[in-house]
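Take a look at the structure below.
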Amino acid sequence: MRSFIVNLNVIGLLAVCLFACNHHSSNLLLYQVDSLLNVKPDSALTVLRSISVLDEMTEADRAYYALLMAEAMDKNELPLLPCDSLLDFALDYYGDDDKEMAVALLYKGRLLAQMNDEKGAIENNLLALEVLQDYPKDVKYRRLLYSSLGLWYGDCGLYDKALEVLNQSLHYSYDAKDTAIAYHNIGYVYTMRDLQDSSIAYQRKAVEYAVRSKDTSMMVTSWHGLSLYYERFDNTDSAVVYARKVLQHISDKHKTFGGYFYNMGKLYIDLEQYDSARYYLGKSLLLSGSQAMPYWSLSVMEAELGNFQLAYHYLDTFVMIQDSLDASAALSEVQHLVYKHQTELEVKDEQVKSRKKIGWIVFISVVICFVLILIYQQRINRKNSQHALYRQSLQYANEKLGVMQQRIEENESSIELLRDKESKNLVEIDKREQLITQLKKEKLVLRTWLFQQTAIYKKVVLLSEQREVDKKARKVMTNAEREKLKQTVFEIYADYISPLKEQYAQLTDDDLLLLCLQEANISSLVIALCFGYTDTVALNQRKSRLRVKMSQR
């Protein structure tokens with residue numbers, strides 16, 4: 001019994017694995033990287049970069065890898081541009097109702113923001129929030145989305161909307177570090193609005209929560225922000241206090257610490273402590289020599305001190321670096337234009353191919369329609385010809401029936417005259433009676449032939465060809481078909497029906513139809529099917545009532 005339960009659990013586990021959603025990866029290494037991202041994002045990025053077999057991965061693993069790589073690059077404050085194609089693959093792979101789709105849209109939005117496409121970034125984040133409506137318990141990605149949206153709204157000048165969204169990110173913050181980031185961003189928006197008190201107040205809250213979090217990077221970021229805000233509002237002494245805190249706590253892992261030394265150098269210029277300013281600006285250049293602004297500050301400072309030759313040297317260096325940066329930007333812009341032009345050419349080429357394809361489709365469709373019209377017209381012409389031949393045959397048969405009826409009437413008149421004379425005319429009377437009988441048989445054959453040429457007779461034939469033994473499975477004529485049959489039969493057997501109506505006034509149309517079908521030698525079962533019966537029981541009852549009517553004339 002115990003082994004049975006164990007086996008049952010194993011089978012259940014296998015079933016879960018087999019029928020799990022295909023959109024989720026089963027790669028254990030990727031799951032390990034996911035857990036490492038929150039603790040050591042740099043190590044996680046190293047592991048992800050060591051994976052070089054993306055083409056051999058399943059689509060689920062590749063899409064999951066794309067999300068992990070984007071998050072690792074983002075946490076390590078690196079540009080997301082290398083993840084562009086990976087994120088596009090993830091966006092194509094995940095469905096609109098997958099939580100992973102929201103994550104892909106989040107990082108695609110941040111990538112677009114880095115490319116100065118803030119409109120596209122906002123659109124992606126709003127789409128991500130729509131996806132997360134199906135995941136009301138999610139906190140992490142909502143906070144990240146609202147945080148990014150708030151900053152982008154602020155950059156676009158939508159300050160009220162930015163503050164509303166950033167307060168949402170504050171609502172979804174679940175630890176001191178997240179709260180510090182939210183307050184830092186809110187302070188940034190107030191700074192853009194030149195609201196000094198609010199800006200400083202929120203940035204001080206950011207510092208408070210950063211210290212609570214004991215996260216050195218967050219503390220350094222918050223102190224640096226507060227220093228910049230104090231400098232912006234001309235409170236240099238307070239700015240220096242927090243700039244010193246930054247320099248006391250930075251380490252080699254802070255990849256932007258050259259900017260911290262530049263900030264301190266500017267502050268010492270404001271305090272007119274030029275030796276200290278030279279030291280920190282020089283330190284900034286040593287750590288990040290590609291920056292142009294330290295040279296500009298040094299040039300301005302030396303010019304104020306009267307060191308014009310040195311000021312010119314720094315200014316010339318600043319211009320060279322700035323020109324280099326402008327050239328790089330221009331080159332990037334040219335590359336973008338070339339890429340855009342190439343894309344437009346490809347689009348136009350595809351449009352030309354599409355128009356040609358559509359033209360061929362239209363041409364072939366017209367040809368097919370023309371052929372179908374010809375075929376349809378030919379069928380109509382054939383039907384019209386057949387109908388004309390049938391009407392001609394009907395007319396000829398009716399004329400022949402008329403001639404036969406006339407001959408019958410003539411012979412009947414002759415018989416009456418011969419009977420009034422002597423008995424020697426008995427032979428002649430017998431001949432004429434035989435002729436009348438022969439003419440009536442020919443009329444019956446002709447009527448039957450005419451009936452067999454009609455469309456409704458084909459339905460009668462189909463009913464007679466049924467091989468169903470079970471009477472419940474037999475097909476019968478519909479009411480509409482029976483009316484058509486009655487109309488056709490009454491037209492063909494008009495001269496047969498007329499004397500019957502005169503002789504038996506109590507006969508109904510169904511009674512006359514039954515007699516005509518019997519006259520056409522149609523079997524009782526087929527006649528029953530024509531009347532809507534599946535067997536001959538009801539038909540035999542109708543025949544009995546018909547015999548009674550015809551015996552009471």
Side-chain angles (χ1 to χ4, degrees), residues 387 390-391 393-394 397-398 400-402 404-405 407-409 411-412 415 430 433-553:
H387 186 66
Y390 168 71
R391 298 304 301 179
S393 300
L394 182 62
N398 287 329
K400 191 172 181 180
L401 285 172
M404 289 181 179
Q405 184 62 31
R407 290 184 63 190
I408 290 172
E409 292 174 355
N411 283 283
E412 287 177 344
I415 289 173
D430 186 55
E433 287 179 346
Q434 289 180 4
L435 180 59
I436 290 171
T437 303
Q438 181 63 31
L439 287 171
K440 288 182 177 181
K441 288 181 180 179
E442 290 179 3
K443 282 180 66 177
L444 176 61
V445 172
L446 190 56
R447 285 197 200 96
T448 303
W449 179 83
L450 285 173
F451 183 36
Q452 291 174 350
Q453 307 310 306
T454 61
I456 194 63
Y457 184 79
K458 295 178 181 179
K459 179 64 180 179
V460 176
V461 173
L462 290 174
L463 293 175
S464 67
E465 291 176 348
Q466 292 185 92
R467 296 290 183 266
E468 297 290 344
V469 177
D470 185 5
K471 65 179 182 179
K472 293 182 180 179
R474 291 172 182 166
K475 294 181 181 179
V476 298
M477 269 195 180
T478 63
N479 293 332
E481 290 172 339
R482 188 156 57 252
E483 288 300 319
K484 180 65 177 177
L485 175 66
K486 188 183 296 183
Q487 180 184 353
T488 303
V489 168
F490 282 12
E491 181 182 355
I492 294 174
Y493 290 88
D495 60 337
Y496 172 74
I497 292 173
S498 182
L500 288 175
K501 284 184 175 180
E502 294 178 0
Q503 189 174 1
Y504 308 103
Q506 66 273 31
L507 295 180
T508 64
D509 286 349
D510 287 343
D511 295 333
L512 294 171
L513 177 61
L514 174 58
L515 292 172
C516 291
L517 294 177
Q518 286 180 335
E519 188 76 8
N521 291 323
I522 296 176
S523 66
S524 297
L525 179 58
V526 177
I527 294 175
L529 297 175
C530 292
F531 275 87
Y533 310 136
T534 56
D535 55 29
T536 58
V537 175
L539 182 67
N540 292 332
Q541 294 175 353
R542 179 180 288 275
K543 286 182 178 180
S544 298
R545 291 195 297 273
L546 180 59
R547 283 193 293 269
V548 172
K549 290 179 182 180
M550 297 182 71
S551 64
Q552 295 176 352
R553 60 193 182 107

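- Within the 4.5 Å cutoff, side-chain heavy atoms of Thr448 are placed close to those of Tyr493.
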Quick one, Met477 with Ile456, criterion side-chain contact (heavy atoms from CB on, under 4.5 Å). Give me CA distance, side-chain angles, the key distance, then yes/no. CA-CA 10 Å; Met477 269 195 180; Ile456 194 63; 4.1 Å; yes

Check the pair Leu507 / Met550 against side-chain contact (heavy atoms from CB on, under 4.5 Å), numbers first and verdict last. CA-CA 8 Å; Leu507 295 180; Met550 297 182 71; 4.2 Å; yes

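- Residues that satisfy the ring pair (Phe, Tyr, Trp, His ring centres under 6.0 Å) test with Tyr496, not counting sequence neighbours, are absent from this structure.
- Under the side chain to side chain donor-acceptor pair (under 3.5 Å) criterion, Asn479 pairs with Arg482, not counting sequence neighbours.
- Across every non-hydrogen atom of Ile527 and Ile522, the tightest pair is CD1-O, 3.3 Å.
- Residues that satisfy the side chain to side chain donor-acceptor pair (under 3.5 Å) test with Ser498, not counting sequence neighbours, are absent from this structure.
- Here salt bridge (charged side-chain N to carboxylate O under 4.0 Å, His left out) pairs that include residues 453-465, with residues two or more places apart or in two chains, are Lys459-Glu481.
- The two atoms that bring Thr534 and Leu525 nearest to each other are O-CD1, 4.3 Å, heavy atoms only.
- Under the side chain to side chain donor-acceptor pair (under 3.5 Å) criterion, Asn540 pairs with no residue at all, not counting sequence neighbours.
- Summarising the geometry of Val526 relative to Ser523, their closest heavy-atom pair is CG2-OG, 3.1 Å, with the distance given to 0.1 Å.
- Heavy atoms only, all atoms of each residue included: Leu485 and Phe451 are closest at CD1-CZ, 3.7 Å.
- The shortest heavy-atom contact between Ser524 and Lys543 is OG-NZ, 3.0 Å.
- Between Leu529 and the choices Thr536, Leu539, Val476, the side-chain contact (heavy atoms from CB on, under 4.5 Å) rule is met once, by Val476.
- Distance check: Phe531 CZ to Arg542 CZ gives 5.5 Å after rounding to the nearest 0.5 Å.
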Review item, side-chain donor-acceptor pairs of residues 508-516, under 3.5 Å, at least two apart:
unit_1	atom_1	unit_2	atom_2	d
Thr508	OG1	Asp511	N	3.2
Thr508	OG1	Asp511	OD2	3.0
Asp510	OD1	Lys486	NZ	3.1
Asp511	OD2	Thr508	N	3.1
Asp511	OD2	Lys549	NZ	2.8

